[in-house]
Amino acid sequence: MAAAASSTLHGVGAVASAKPRSAAPAAARRSVRVAAAAAKGGAGPARGRMVARSAVAAKADQAAAAAGSKSGGHEVLMFEALREALIEEMNLDPTGLADMFGDLRVLDTPIAENSFTGMGVGAAMKGLRPVVEGMNMGFLLLAYNQISNNCGMLHYTSGGQFKIPIVIRGPGGVGRQLGAEHSQRLESYFQSIPGLQMVACSTPYNAKGLMKAAIRSENPVVLFEHVLLYNLKEKIPDEEYICCLEEAEMVRPGEHVTILTYSRMRYHVMQAAKTLVNKGYDPEVIDIRSLKPFDLHTIGNSIKKTHRVLIVEECMRTGGIGASLRSAIIDNFWDYLDAPIMCLSSQDVPTPYAATLEDATVVQPAQIVAAVEQICQ
């Protein structure tokens with residue numbers, strides 16, 4: 001799209017506007033590490049950025065990840081992978097990170113979530129591709145009107161005159177004693193908004209790939225990042241890649257039970273899987289990644305093989321992603337089930353500050369092991 005440009009809203013909130021997109025020179029496609037090194041010059045860390053493109057298959061991204069670990073590639077933390085994605089996309093779409101790209105593309109805004117999110121929506125309506133960072137997902141409740149009535153619905157209510165290619169991102173989930181207001185899981189709030197797409201990253205590899213795909217998408221996308229996963233380290237390819245926004249990831253093939261999870265709970269599930277294997281069980285683990293829409297093709301194929309389902313989430317039990325996923329499975333794969341679907345979710349209480357009480361509200365590996373044993377009886 002000749003008129004498209006990327007922008008980044010960040011900080012407490014930030015907005016970035018950009019020039020019209022032009023063909024990116026070959027030099028702009030060089031490694032992000034080279035671009036970042038060239039920009040260092042004593043300036044503080046740059047933030048924000050956009051990337052997006054049509055998605056590729058999940059099998060392809062797994063193969064690329066494997067290739068990146070065997071040859072070349074470079075090791076990054078998750079927050080660095082997200083930053084790389086932003087830098088690469090802003091280089092391709094000349095409009096970026098404050099010190100690297102200038103304050104006309106990355107704007108530190110006042111603490112006014114409704115205002116700077118609305119600013120991002122307006123930028124998207126005018127052909128830019130803004131990335132809105134709320135610093136903490138809980139703060140974006142103040143922008144719920146913009147996200148619901150404008151991000152999700154303007155394409156429809158304008159009769160197709162406007163597209164809203166915006167990315168809304170930020171850390172959420174239960175951290176380590178962050179208190180109730182900073183431990184929100186907003187996927188349950190946003191899932192019912194028509195026109196909104198939602199994805200959750202869980203590794204440095206898929207964080208970068210999903211961020212790039214979200215920026216290139218013509219739809220408004222909410223990218224959920226977990227506050228406790230930013231320091232995960234993984235080797236990712238030097239070559240450009242993207243992940244499909246609509247596809248789940250097969251984390252561990254198995255035969256006895258399908259375990260569906262996402263974000264931080266992926267690691268609780270994999271910890272439980274080690275115990276289950278030692279006990280003679282063979283669980284299949286799927287990171288659903290796409291929270292809306294669900295990848296029912298991948299999920300369905302697994303259920304047709306195992307005939308048993310366990311959903312593990314950090315979202316609240318009432319009205320959460322697990323409840324919607326269970327409903328979709330019952331509607332589409334009821335005849336393939338040999339046992340009731342089980343769903344392990346967080347307790348329907350404000351997240352306590354005390355560490356022991358905080359842990360008690362979230363699903364732990366021992367509970368996952370017990371649930372699988374019950375399903376497979």
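Quick note: residue numbers are just sequence positions, from 1. For clarity, every value in this text was computed on a predicted model and none was experimentally measured.
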So, E358 side chain and Q177 main chain: donor-acceptor pair closer than 3.5 Å or not?
yes
What pairs with M125 under side-chain contact (heavy atoms from CB on, under 4.5 Å), at least two apart in sequence or on another chain?
V121, L154, F162, I164
Would you call D282-R252 a salt bridge at under 4.0 Å N-O?
yes
side-chain contact (heavy atoms from CB on, under 4.5 Å) partners of Y336, counting only residues at least two apart
I303, K304, H307, F333
Between the CZ atom in R169 and the CG atom in L82, the distance rounded to the nearest 0.5 Å is 5.5 Å
So, the side chain of Q367 versus the backbone of Q364: is there a donor-acceptor pair under 3.5 Å, distance only?
yes
If only atom types and distance count, is the side chain of S327 paired as donor or acceptor with the main-chain N or O of A323 below 3.5 Å?
no
Is it true that a side-chain atom of R185 and a backbone atom of E314 form a donor plus acceptor pair closer than 3.5 Å?
yes
Are the aromatic ring centres of Y241 and Y205 under 6.0 angstrom apart?
yes
Quick one: do K279 and E373 make a salt bridge, cutoff under 4.0 Å?
yes
N-O pairing of K305 and E284 below 4.0 Å
yes
Do K235 and E75 meet the salt-bridge criterion of a basic N to acidic O distance under 4.0 Å?
no
Set of residues satisfying side-chain contact (heavy atoms from CB on, under 4.5 Å) with respect to L142, sequence neighbours excluded:
E113
Strictly below 4.0 Å, N to O, side chains only: are R266 and E249 in salt-bridge contact?
yes
T361 side chain to T351 side chain, donor-acceptor N/O pair below 3.5 angstrom
no
For H268, give me all partners under ring pair (Phe, Tyr, Trp, His ring centres under 6.0 Å), at least two apart in sequence or on another chain.
none
Would you say L344 and V251 are hydrophobically clustered, going by side-chain heavy atoms of ILVMFWY under 4.5 Å?
yes
Looking at E247 and D295, would you say the former's side chain and the latter's main chain have a donor-acceptor pair under 3.5 Å?
no
Cut-off 3.5 Å, side chains only: do N278 and T275 have a donor facing an acceptor?
no
For residues 275-304, which residue pairs pass the ring-ring contact (aromatic ring centres under 6.0 Å, His included) check, not counting sequence neighbours?
none
Side-chain polar contacts of residues 189-201 - donor-acceptor pairs under 3.5 angstrom, sequence neighbours left out - could you list them?
| residue | atom | partner | partner atom | Å |
| --- | --- | --- | --- | --- |
| Q191 | OE1 | S324 | OG | 2.8 |
| Q191 | NE2 | G319 | O | 2.8 |
| Q191 | NE2 | G320 | O | 3.4 |
| Q197 | NE2 | E246 | OE2 | 2.7 |

Mind checking whether L77 and L232 sit in one hydrophobic cluster, side chains of I, L, V, M, F, W, Y counted as touching below 4.5 Å?
yes
Side-chain donor-acceptor pair present, R317, S346, cut-off under 3.5 Å:
no
For the hydrophobic clusters of this structure (ILVMFWY residues joined by side-chain heavy atoms under 4.5 Å, transitively), does one cluster hold both V227 and V362?
no
Is there a donor-acceptor pair closer than 3.5 Å between any side-chain N or O of T298 and the backbone N or O of A248?
no
Taken to the nearest 0.5 Å, the spacing of I236 CD1 from K208 NZ works out to 4.5 Å
State whether the side chain of Y267 and the backbone N or O of S202 hold a donor-acceptor pair below 3.5 Å, judged by distance alone.
yes
Answer yes or no: is there a donor N or O on one side and an acceptor on the other, between the side chain of N219 and the main chain of V221, under 3.5 Å?
no
